[in-house]
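Atom set for the values below is all heavy atoms of this structure, side chains included, hydrogens, waters and symmetry mates excluded. Start at 1 and go down the list; that is how both ligands and their atoms are numbered.
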Amino acid sequence: MDNAGKIGVIGGSGFYDIDGFEKVNEVRQETPWGEPSDKYSIYNYSGKEIVFLARHGEGHKLLPSEINYRANIYGMKMLGVERIISVSAVGSYKEEIAPRSIVIIDQFFDRTRRTEGTTFFGNGIAAHVSFAEPVCPVLSQALYDSIVKTGVIVHKNGTYVNMEGPAFSTKAESQFFKKQGMDVIGMTNISEARLAREAELCYSTIALVTDYDAWHEELEAVSVREVIGNLVETTKYAKEGIKAALSEIPSARDCLCKTALSNALITDKKVIDPETRGKLSLLIDKYLN
Ligand SMILES: [Zn+2]
């Protein structure tokens, strides 16, 4: 096995496993933050260890607002993951970002109502990580380079509006975000990206475009069958691209993700409650000892 940190993959709608990889283990990982969405499946791919998690759980049981994002990300950290590739279905705000294309997200806009559950901090310890650039530039570049080679249309950057859901947007909401220059809309990724940053993990989003959201005047609302058809098609390219990216991703990390907490912790270590500190030991011990 490669000694570099493991690569995690979080699969969303339509992406429930990684076929073509050799599955070596399944782990039910308890975390101080409760239960992750599902067991983690460990795969071996040419000497690299890949840790896969189905975001919505087995059989897609969880709504975006029901996902235990903290447990999902902390579980990855506990299993030795250093980089997370997230795959998720999105609606598009732009004619040129057509269904069946892929966007490598570089920005997020938060329209969720989530506060609790989207940070590891609080309860007696304060930290503010830098989040101006919310994804890992190195990982995103490797994913872009590999996915573009599969022949699918890939947009290099894009802003992802994260709505709360579970219902899709109204036309008014959809037209509003389109006017603001947003690119795509989804329901899950900003919470993961933020927690991954706090956990000093690299994080990148492969967004699979399934439809034009509600703004498009000329198109009737898409059917679930159409959306699933588009999803199945782009998921194939995403999987192929991820496989190819695995050999492109450098072993050592020299991005800023791995030191995200170095200037973020504010609380005087003398006043940190031992229980809170224990829960966060994997993230903060190296800065407090
Ligand atoms: Zn990084």
Side-chain angles (χ1 to χ4, degrees), residues 1-12 18 40 43 45 47-53 55 69-70 72-88 102-110 118-121 127-148 154-160 162 186 188-207 238 241-265 280 282-287:
M1 288 274 173
D2 196 316
N3 278 332
K6 296 169 195 170
I7 294 180
V9 176
I10 301 181
I18 324 184
Y40 293 85
Y43 292 87
Y45 184 70
K48 287 192 198 284
E49 223 175 297
I50 316 300
V51 180
F52 178 82
L53 179 68
R55 175 181 293 123
Y69 295 99
R70 286 192 292 205
N72 288 356
I73 300 295
Y74 207 83
M76 286 281 187
K77 182 92 180 173
M78 290 173 85
L79 291 169
V81 166
E82 285 188 342
R83 296 177 170 101
I84 295 177
I85 299 168
S86 154
V87 183
S88 71
I102 287 179
V103 186
I104 307 298
I105 298 303
D106 69 325
Q107 282 296 328
F108 291 102
F109 191 85
D110 193 353
T118 62
T119 174
F120 290 115
F121 296 97
H128 303 279
V129 290
S130 161
F131 202 47
E133 302 297 340
V135 301
C136 174
V138 180
L139 184 57
S140 296
Q141 185 68 47
L143 290 170
Y144 174 79
D145 292 344
S146 304
I147 294 173
V148 90
V154 194
H155 305 273
K156 188 155 187 205
N157 293 313
T159 301
Y160 174 125
N162 199 135
T188 53
N189 277 215
I190 194 170
S191 305
E192 290 175 0
R194 211 179 268 138
L195 289 159
R197 180 60 52 85
E198 288 184 349
E200 300 187 327
L201 305 176
C202 299
Y203 184 89
S204 286
T205 296
I206 302 173
I242 290 172
K243 258 183 222 176
L246 294 176
S247 39
E248 301 296 318
I249 297 167
S251 297
R253 294 197 294 167
D254 56 8
C255 46
L256 295 173
C257 317
K258 68 171 184 184
T259 52
L261 283 179
S262 60
N263 292 309
L265 290 161
L280 285 165
L282 204 52
L283 310 188
I284 60 172
D285 274 0
K286 64 177 173 176
Y287 294 115

*Just grab all the salt bridge (charged side-chain N to carboxylate O under 4.0 Å, His left out) pairs involving residues 189-204, residues at least two apart or on different chains.*
R55-E192, D110-R194, E200-K286
*Which atoms of the protein, restricted to N, O or S, are nearer than 2.8 Å to the Zn ion (ligand 1)?*
C136 SG, C202 SG, C255 SG, C257 SG
*Please report the shortest heavy-atom distance between V135 and I105, naming the atom on each side.*
CG2-O, 3.5 Å
_Tell me the closest heavy-atom pair linking V103 and G158, and the distance in Å._
CG1-CA, 3.8 Å
_I190 side, atom CD1; Y203 side, atom OH - distance, nearest 0.5 Å_ = 10.0 Å
*Using side chain to side chain contact (heavy atoms under 4.5 Å, CB included) as the criterion, point out the one residue from L280, I284, L282 that pairs with F120.*
L280
*Roughly how far, to the nearest 0.5 Å, is the CD1 atom of I18 from the OH atom of Y45?*
11.0 Å
